[in-house]
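We count ligands from 1, going down the list as the structure has it; atoms in each ligand are counted the same way.
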Amino acid sequence: MALDKPYLDVPGTTIFDADQSRKGYWLNQFCMSLMRCDNRARFKADEDAYLAEWPMSDEQRAAVRARDLNWMMRTGGNIYFLSKLGATDGLSFQQMAGSMTGMTEAQYRDMMLRGGRSPEGNRVVGEHGDAQGAMAQSAAWKAWEAKAQQQLARRVESAHAASQASAAGAGHARITASVYSSHVPAIGAAIDLGKTQEPYWVPMFKGFEFSKQWMKQHTPDVIFLVYNDHATNFDLGVIPTFAIGTAAEFEPADEGYGPRLVPKVIGHSQLASHIAQAVIQQDFDLTIVNELKVDHGLTVPLNLMFGTPPAWPCKVIPFAVNVVQYPVPSGRRCFALGQAIRRAIESYDEPLEVQIWGTGGMSHQLQGPRAGLINAAWDNRFLDRLIADPADLAQMPHIDYVREAGSEGIELVMWLIARGAMADVAGGKAPKVAHRFFHVPASNTAVGHLILENQA
Ligand code: DHB
Ligand code: FE
């Protein structure tokens, strides 16, 4: 995987990055559970039974039973989480840290009294410091590794043939197209209540007939779906500006009407973790979310493009943008973020086809005496500029969205994230406009929709 990991050659050190976090998710969550007195009591009474409640790997359970912190870290544990296990056993942080060094407790304490371990010779693997030795391993870990080694040897023969076959199809992920669509809850309700054939809704759904056919021919492996959470998963307790969903799956949220009976969304943890790391390393501060319920902002566009299948036909990485509480990110920043996301996706070592969707908008205002504002001329100019001159469009300040497209029209900044990820922004060919649609009204909103294909 082509992630930038300059920290891999620091001796005796495991940096807790997105890959480690994904690997260690349940191990760390198990450790967190030990912050409750009743859980500690149950764990102490029957370790195996308690560990069986957590979907950890067998190796993680073995590492916990062996109380081998180096082993737990190897399988994704992080010391601040693991310390809850140590605390349950009555250990201090000094005892825990010392246990990973191959020294006795007294030797480690004395080293600290003498001023601590020196960085000299311990900055890079291969120097001659005192932290360059083999990892301190419990007998249980050594036995586990010996067994794993034998199993590996038995698989080498067949793996060799398989790797030759897969080498032929090796490549990177790429963005094939971007899709833009409004996400009005009433559209979801019309689908759920069987009202799509009513005269009010017929022209709106007609605008997505081509799109559904197009999706059948262009189903990607993964959709990177940019949307906003409408005070559903994130309340005023925590308001992330940009949040990426790295979980394996995401349930539809209950927005007050009961959860929509749409399929659950299957994520792509590995690609999402990769994007999180690659984008944060490009100086965008993403919030990493491992538990997320998705609202109409995400499920309605899926319905518009796929209809109502029993399962969504591809994986989806939810990417939530704060457009609810000001300050919200600028169009300029969203456009630059899209470019960072494209670089992240294209550095992923698997030949996945990825679409990026921008949702929300177009003009609408859901509040106050100005509610119901629609500006069809402005919306259509927005579509023109999004297609032909997105860099210039990205300079538009928030206040123009509010004045011209209504207070909730600000959702349109999210379209600039998807647009920024298209090839032409990085010097490639201009995208093909496969479909364009505009309709007023759906509930309080002007519905806009575009499909842009990257040209080879
Ligand atoms: C409506 C539109 C939205 O984008 C939304 O999030 C909620 C309601 C509407 O038009 O009713
Ligand atoms: Fe909305």
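Considering only non-hydrogen protein atoms, atom 9 (C) of ligand 1 sits nearest to Asn444 ND2, 3.3 Å. Of the protein's non-hydrogen atoms, His296 NE2, 3.4 Å is the one closest to atom 5 (C) of ligand 1. Of the protein's heavy atoms, Pro185 CD, 3.3 Å lies nearest to atom 8 (C) of ligand 1. In this structure, atom 10 (O) of ligand 1 lies nearest to the protein heavy atom Thr445 OG1, 2.5 Å.
At least one N/O/S atom of His183, from backbone or side chain, sits under 2.8 Å from the Fe ion (ligand 2). For the Fe ion (ligand 2), the set of nearby N, O or S atoms under 2.8 Å includes one belonging to Glu411. The Fe ion (ligand 2) has no N, O or S atom of His296 closer than 2.8 Å.
Each of the atoms 9 (C), 10 (O), 11 (O) of ligand 1 lies under 4.0 Å from some heavy atom of Ser443. For ligand 1, the atoms closer than 4.0 angstrom to any heavy atom of Ala442 are 10 (O). For ligand 1 and His183, the ligand atoms under 4.0 Å from any heavy atom of the residue are 4 (O), 6 (O). Remark: ligand 1 atoms within the under-4.0 Å shell around heavy atoms of His364 are 2 (C), 3 (C), 4 (O). Applying the 4.0 Å criterion to heavy atoms of Glu411 picks out, from ligand 1, the atoms 4 (O), 6 (O).
A salt bridge links Asp19 with Lys5; the closest basic N to acidic carboxylate O contact falls under 4.0 Å. Between Arg419 and Asp424 there is a salt bridge, since a side-chain N of the basic residue sits under 4.0 Å from a carboxylate O of the acidic one. Salt bridge Glu59/Arg74: absent, no basic N to carboxylate O contact under 4.0 Å. For Arg260 and Asp254, the salt-bridge test fails: no basic side-chain N is under 4.0 Å from an acidic carboxylate O. A salt bridge between Arg385 and Asp392 is present, with a side-chain N of the basic residue lying under 4.0 Å from a carboxylate O of the acidic one.
Ala186 does not count as a contact of ligand 1, since none of its heavy atoms falls under 4.0 Å from the ligand. Within the 4.0 Å heavy-atom shell around ligand 1 one does not find Glu408. Distances shorter than 4.0 angstrom do not occur between any heavy atom of Pro441 and any atom of ligand 1.
The side chain to side chain donor-acceptor pair (under 3.5 Å) search around Glu251 returns none, not counting sequence neighbours. Every residue two or more places apart in sequence or in another chain that forms a side-chain contact (heavy atoms from CB on, under 4.5 Å) with Thr232 is listed here: Asp229, His230, Ala253, Glu255, Asp295.
The closest side-chain heavy-atom distance from Asn303 to Val262 is below 4.5 Å. At a threshold of 4.5 Å between non-hydrogen side-chain atoms, the residues Met362 and His439 do not count as touching. Between Thr246 and Arg22 the shortest side-chain heavy-atom distance does not fall below 4.5 Å.
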